[in-house]
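Bear in mind the structure is a predicted one, so any value in this text is a computation, not a measurement.
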Amino acid sequence: MEIIKGKCTDISSEGKGVVKVGSHIYFVDGLFVGEEAELQVQYQRSGVYFAKVKNLIKKSPVRIQPKCKICTSCGGCQYQQIDYKAQLEYKTNRVKNAIKRIAKVDVKVNDCLGAEHPYNYRNKIQVPFSKDRNGKVIYGFYKENSHIIMPVKECAIENKKAAPILWDIKLLLEKHKISTYNEDTGKGILRYVLIRTSYHFDELMVVLVTSTMNFPGQRNFIDELIKLHPEITTVVENVNSRRTNVILGEKEKILYGKGYIQDKICDLTFNISASSFFQVNPEQVEVLYKTALNLLNEDKNQVVLDAYAGVGTIGLIASNKAKHVYSVELNKFASRNAVENAKRNNISNISFACDDAGKYISSFEGDLDVVIMDPPRKGSDEVFLDTLINKKVPQIIYVSCDPETLARDISYLSKYYDVKYVQPVDMFPMTCHVETVACLRLKER
């Protein structure tokens with residue numbers, strides 16, 4: 001493979017170092033602004049070259065020794081090799097650049113709000129299980145852009161309770177001769193293990209993603225797992241028989257406990273099922289939601305729509321500042337959880353709909369004062385945004401997990417809306433990902 005020398009001049013939206021040599025652009029994992037290196041070219045895609053560091057010639061002053069030895073090749077933690085202050089600066093600049101380059105609006109972007117505890121924060125981890133060449137059970141994370149599992153016994157950003165449970169599941173699989181799934185043949189039983197931990201309660205969920213329901217030796221397997229780890233409060237089997245990259249299937253069976261765990265955000269209690277969306281950083285989610293909801297007026301006379309609502313977190317927290325909240329979520333499990341969460345917290349001024357956000361708002365009758373939207377990484381769609389424009393919604397609070405799609409949607413709305421506030425929040429330390437809260441207000445005409 002070709003060896004070249006180059007200097008990193010920028011960081012891509014995927015957290016890769018950008019190196020320009022002649023007329024070519026190279027994306028490099030684990031290389032940061034100002035660093036120089038010998039690079040080994042790996043492959044080309046869509047006119048862009050991808051390379052890896054063969055020899056680091058000049059180091060950045062913000063480079064540190066990462067806690068994880070495989071963070072670069074794993075691809076999960078793009079920024080673990082630089083100090084946390086530098087990570088926050090990179091994330092602030094990413095949002096600034098997206099707003100300037102894509103949205104083309106003139107608005108101040110505040111400095112990214114950092115986490116007090118940037119390690120071991122994830123309350124959810126999902127890992128594939130397979131076998132190595134010698135037939136031994138392995139688990140870990142897929143190497144970036146591949147289906148090669150890189151064995152990881154402990155991850156630096158996962159909750160510390162997960163590692164010993166995963167290890168014992170591996171040993172129990174071998175003991176009970178329970179097969180792991182083979183993606184090439186479509187045979188085998190266990191595909192993934194998902195672990196959710198509660199921050200505020202002593203509750204922990206294990207989800208076994210299997211290719212078939214009721215695998216052989218299931219009862220003994222579960223009994224021994226609970227005996228080894230009494231901190232597990234529920235075990236769920238999720239069946240996914242499709243040959244797909246999607247982790248969870250639609251069929252579930254409770255094998256132990258109540259089938260969900262509880263956690264708190266801003267003093268409200270939430271039920272979280274196996275497939276529910278729930279923010280993975282329990283400390284920073286309060287920073288994120290308080291940042292968003294502080295943008296609501298205090299008159300408590302507003303009608304609010306919570307779009308892409310998940311288990312209803314933002315809408316339920318917003319209910320104490322609103323006359324009424326309408327909450328819409330497409331995932332049926334999450335929508336069901338949202339209804340239960342309202343009952344659990346004795347909140348009555350909120351209504352729930354299991355529907356596509358765009359379809360729901362298009363048929364919504366009546367006026368809305370505020371729309372809070374927290375779409376997936378791909379952002380919103382033009383149907384939803386056009387409806388916001390047509391209904392002349394006075395205020396939009398946009399919670400985004402991708403600065404580029406946020407900027408794209410802001411650009412689409414900018415003819416009718418002014419951007420008043422942009423605040424990045426670091427929900428995912430050690431990674432290139434950044435959440436952003438933006439506030440838009442309808443222009444006066």
Does a donor on one side chain sit under 3.5 Å from an acceptor on the other, for [X] and [Y]?
{"X": "Asn271", "Y": "Arg344", "value": "yes"}
{"X": "Tyr398", "Y": "Asp409", "value": "yes"}
{"X": "Gln87", "Y": "Gln80", "value": "no"}
{"X": "His176", "Y": "Gln218", "value": "no"}
{"X": "Asp168", "Y": "His229", "value": "yes"}
{"X": "Thr197", "Y": "Asn123", "value": "no"}
{"X": "Tyr181", "Y": "Ser130", "value": "no"}
{"X": "Lys253", "Y": "Asn214", "value": "yes"}
{"X": "Ser60", "Y": "Glu35", "value": "no"}
{"X": "Thr436", "Y": "Ser400", "value": "no"}
{"X": "Asp386", "Y": "Tyr412", "value": "yes"}
{"X": "Tyr199", "Y": "Glu283", "value": "yes"}

Any side-chain heavy atom of [X] sitting closer than 4.5 Å to one from [Y]?
{"X": "Ile410", "Y": "Ile99", "value": "yes"}
{"X": "Val236", "Y": "Val206", "value": "no"}
{"X": "Ile232", "Y": "Val235", "value": "yes"}

Quiz prompt | side-chain contact (heavy atoms from CB on, under 4.5 Å) between Asp402 and Arg377, intermediate numbers included | solution = CA-CA 6 Å; Asp402 187 283; Arg377 197 168 301 282; 3.7 Å; yes
Indicate yes or no for a side-chain donor-acceptor contact from [X] to the backbone of [Y] under 3.5 Å, with no hydrogens or angles considered.
{"X": "Thr387", "Y": "Val383", "value": "yes"}
{"X": "Ser380", "Y": "Phe384", "value": "no"}
{"X": "Asp306", "Y": "Val325", "value": "no"}
{"X": "Lys91", "Y": "Thr431", "value": "yes"}
{"X": "Asn240", "Y": "Arg242", "value": "yes"}
{"X": "Glu329", "Y": "Cys354", "value": "no"}

[X] atom [atom1], over 12 foreign heavy atoms within 6.0 Å:
{"X": "Glu174", "atom1": "CD", "result": "yes"}
{"X": "Lys359", "atom1": "NZ", "result": "no"}
{"X": "Asp132", "atom1": "CG", "result": "yes"}
{"X": "Lys251", "atom1": "NZ", "result": "no"}
{"X": "Lys52", "atom1": "NZ", "result": "no"}
{"X": "Asp267", "atom1": "CG", "result": "no"}

Exercise. If the plane angle is over 60° it's perpendicular, under 30° parallel, otherwise tilted; pick one for Phe364 and Tyr326.
Key: perpendicular
Give, for atom [atom1] of [X] and atom [atom2] of [Y], the distance between the pair rounded to the nearest 0.5 Å.
{"X": "Ile189", "Y": "Met213", "atom1": "CD1", "atom2": "CE", "answer": "13.0 Å"}
{"X": "Ile314", "Y": "Ser319", "atom1": "CD1", "atom2": "OG", "answer": "12.5 Å"}
{"X": "Ile138", "Y": "Met150", "atom1": "CD1", "atom2": "CE", "answer": "10.5 Å"}
{"X": "Met373", "Y": "Tyr308", "atom1": "CE", "atom2": "OH", "answer": "5.0 Å"}
{"X": "Cys401", "Y": "Gln279", "atom1": "SG", "atom2": "CD", "answer": "8.0 Å"}
{"X": "Lys96", "Y": "Arg94", "atom1": "NZ", "atom2": "CZ", "answer": "15.5 Å"}

Quiz item: Under the salt bridge (Lys or Arg N to Asp or Glu O under 4.0 Å) test, which residues partner Lys187, sequence neighbours left out?
Solution: none
Practice problem: Go through the steps for Gln302 and His324 under the test side-chain contact (heavy atoms from CB on, under 4.5 Å), then give the verdict. | Solution: CA-CA 7 Å; Gln302 301 172 103; His324 196 85; over 6 Å; no
Self-check item: With sequence neighbours excluded, residues passing ring pair (Phe, Tyr, Trp, His ring centres under 6.0 Å) with Tyr79
Solution: Tyr90
Exercise. Show your reasoning for whether salt bridge (Lys or Arg N to Asp or Glu O under 4.0 Å) applies to Lys227 and Asp223.
Key: CA-CA 6 Å; Lys227 188 175 180 180; Asp223 288 345; over 6 Å; no
Quiz item: Would Leu295 and Gln395 count as a side-chain contact (heavy atoms from CB on, under 4.5 Å) if you check the C-alpha gap in whole Å, the side-chain angles of each, and the deciding distance to 0.1 Å?
Solution: CA-CA 9 Å; Leu295 297 168; Gln395 182 181 13; 4.0 Å; yes
Quiz item: Do Asp355 and Lys332 sit within salt-bridge range, that is, some charged N less than 4.0 Å from a carboxylate O?
Solution: no
Practice problem: Could you check Asp426 against Leu88 for side-chain contact (heavy atoms from CB on, under 4.5 Å), going step by step and ending with a plain yes or no? | Solution: CA-CA 7 Å; Asp426 189 17; Leu88 296 177; 3.7 Å; yes
